[in-house]
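Bear in mind that the values here come from a model prediction, so they are computed numbers and not experimental data. The chains referred to below are lettered A, B, ... by the order of the sequence lines, with proteins before strands, and numbering in each begins at 1.
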Amino acid sequence: MTTYITTPIYYVNAQPHLGHAYTTIVADTYSRFRKVCGEDVRFQTGTDEHGDKIAEAALKEQVSPIEYANRISALYRESWPLLDIVPDNFIRTTDPNHIKTVQRVLQQVYDQGDIYFGEYSGLYCKGCERFLTEKELVDGNCPDHQRPPEKITEQNYFFRMSKYQQQLLDHIHAHPDFITPERYRNEVLSFLSEPLEDLCISRPISRLTWGISLPFDQNFVTYVWFDALINYLTGLDYPDGKLFHQYWPVAEHVIAKDILKPHAIYWPTMLLAMGLPLYQRLHVHGYWNVGETKMSKSIGNVVRPAELVAEYGVDTVRYFLLREMSFGLDASFSSAAIVTRQNSDLANDLGNLFSRSLAMLEKYTDATVPAPGAIEESDAVLRQTAVQMLSQYHESMGQFQFHRALQSVWDLISHANKYIVISEPWVLAKDPAQQPRLHAVLNNLVECLRLLTLVLRSVMPQTSRKMAAGLGLSADDPLIASFSHGAQWGLSTAGTRLQTTAALFPRMDKPGKESGAIAPTGTAVQKISSKKEKKKVAVAEVGVIEFAQFQQIDLRVAEVIAAERIVKSDRLLKLTVKAPETRTIVAGIAEYYPPEEMVGRQVLIVANLQPVEIMGVRSQGMVLAAKTEVAGEKRLVLTAVSGLVAPGSKVA
RNA sequence: GGCGAUGUAGCUCAGAUGGUUAGAGCAUACGGCUCAUAUCCGUAGUGUCCGGGGUUCAAUUCCCUGCAUCGCCA
């Protein structure tokens, strides 16, 4: 069996963020899973490097486009090892081989009459020197130049996409798995229920030079999709390479929902025009929000994978992303959530199971795997749970249901922890007559740990390696490296020497709570309920924080442009501020500052606080104020900088 | 404006072709164990299953409508 799995090629106008990392981790995990299943796998990722955005960015930095692309592309390539992502091929659209193949495909499609010369009209902004989409406009104006774009018409080349619409529809109907999850398949079908327009595939070189020139007209370069999508083929040395014949028939693409249309409509119609078989499956996932907000540059809440790895470790990040997101739906990232997963799932459940089992083996059997024994009912149930986990895991992984796969793995972990309590090995150990039973119990635990090592190998490679070492197995022992060899109960060899190992996962502290002289006035007062947390907060009040912790707080100057009381509240004002983007902040200052006094005032805000809804109003930040007392009366005094500054200025 | 999705415990979500006590994890409270990373195990809860109307012996589940959030399209 063979597998070809790809991520999109990432556009080099931005640095890798959480979304890129997720897509690529998914592809890597799937690739590893298929390899564990004994398949011949090819996993490809890469970068998309043409287009006017890149040319512009390069100009700003006063370097050539290719120099710019080289630099950003390297950021991607170098990010993946940090996440234990191991692609078999990293493709760049500036590779000579790719360019040659794109031109060859264009020529073929042109020769057969599926590309024609026509007119294109759109909204063009002279300031930006590019077409804007309706979506980009703010009040009908270009967001950057504050003026309306012109409707202009220019000559361009078009791909006859409409010609293949029916064929594509038929294919989707005949192949229910072609686009998954189903919601995206439905979206595509609904889109295809309307007539398709043909696809504009060129830009005149008067406006865009940084691209692949059309082989049949040197005055034009290829625009986006005919360049980008073909990477999936050029990475296989299409048309002549051996790789192509081997892997293309089993191609599977992973994408985020924003590029559904190009992958579900443009790409298959292109393949039909080229006379090639379509890919097998398209797997579409949702977005990662940060807290409850979209991740975006302008909000400044972009999550960088390298920083996550530095803080939490690779395996925690991989586990968290795969476990927390239901594949296909949006999910929410927060440091509180990742710490909770790390502590409860990884440290307490898995780490502690591993640690307590090995400790008992060391104590009671001198760190060797004991022989199995007579099977009691609890043993049979444990075994059944394990076998069931293996089949559910296998099925879910194959369907990209990573969260379900991991859920079933954790069912076994939880069951094994209960099994220990029921079996009470420490009681058995006190009675020499019970030694066979003790050994049987411990042998069953070794089996559980071995199977866990096997199934976690694709998801958390490092942890799996540590577990294998603890079990006295080499990293590529078929018992933990091959599903077909190892995925059965009862294969551990009695007498195998076990190794003492360090804890798999440390427990982490919950993310910090602010306190001190500057008091929160608006947003959520963090709920501090458990005794443990209360204790920690008490310490934090007099404690010091690292500079790096301080740096995580995005303090800015914001200008209040509107203020109103929130009905039904004596304390709350709803402020509209510029920072520099417009946002709404609810502040608990109404007793001290009437709304009319607020307008025009500049205040300090925490800009990267997780938004919350207060009295039905969404608050995107927190206004800082000092608490004080004058003549025994409580007062609140707003913070500000001593002179007027541009709204949005950073405070540090 | 058109089409669609979602709205379930404090939080994140699962689920039932309509039928007795609606589930899991986290969080909370109490109890137990001591092999273990102050871990683990057990018990206890709370839910107008978004609002309103309809169909039905019976609706959280089906239909209509409203509200909220999100997505696709224009």
Closest approach to the side chain of A/K261, judged atom by atom: which nucleotide of B/C73, B/U39, B/C35 is it? B/C73
Any idea how A/H175 and A/H171 line up, ring-wise: parallel (<30°), tilted (30 to 60°), or perpendicular (>60°)? parallel
Name the pairing partner of B/C70, where a pair is Watson-Crick or G-U wobble with both distances under 3.5 Å, or state none. B/G4
In the strands shown, is B/C26 matched to any nucleotide by a Watson-Crick or G-U wobble pair with both distances under 3.5 Å, and which? B/G10
Between B/C40, B/U37, B/C72, which one does the side chain of A/E187 approach most closely? B/C72
Can you pull out every salt bridge (charged side-chain N to carboxylate O under 4.0 Å, His left out) where at least one residue sits in residues 163-172 of chain A? Sequence neighbours excluded, please. A/D114-A/K163
Any strand counts, and the cut-off is 3.5 Å on both contacts for Watson-Crick or G-U wobble. Which nucleotide pairs with B/C35? none
From A/H439 NE2 over to A/L428 CG, what is the distance, rounded to the nearest 0.5 angstrom? 10.5 Å
Please give the distance between the P atoms of B/G53 and B/G15 as a whole number of Å. 29 Å
Which ones in residues 350-359 of chain A lie close to RNA chain B, meaning a heavy atom under 4.0 Å from one of its atoms? A/G351, A/N352, A/S355, A/R356, A/A359
Can you tell me the Watson-Crick or wobble partner of B/G51, both distances under 3.5 angstrom? B/U65
Protein-nucleotides 3-5 of chain B N/O pairs closer than 3.5 Å?
unit_1 : atom_1 : unit_2 : atom_2 : d
B/A5   : O2'    : A/R183 : NH2    : 3.4

Measure all distances between protein nitrogen or oxygen atoms and nitrogen or oxygen atoms of nucleotides 42-45 of chain B, and list the pairs falling under 3.5 Å.
none

What nitrogen or oxygen pairs link the protein and nucleotides 14-16 of chain B at under 3.5 Å?
none

Residues two or more places apart in sequence or in another chain: which of them pass side-chain hydrogen bond (donor to acceptor under 3.5 Å, both in side chains) with A/N348? A/R507
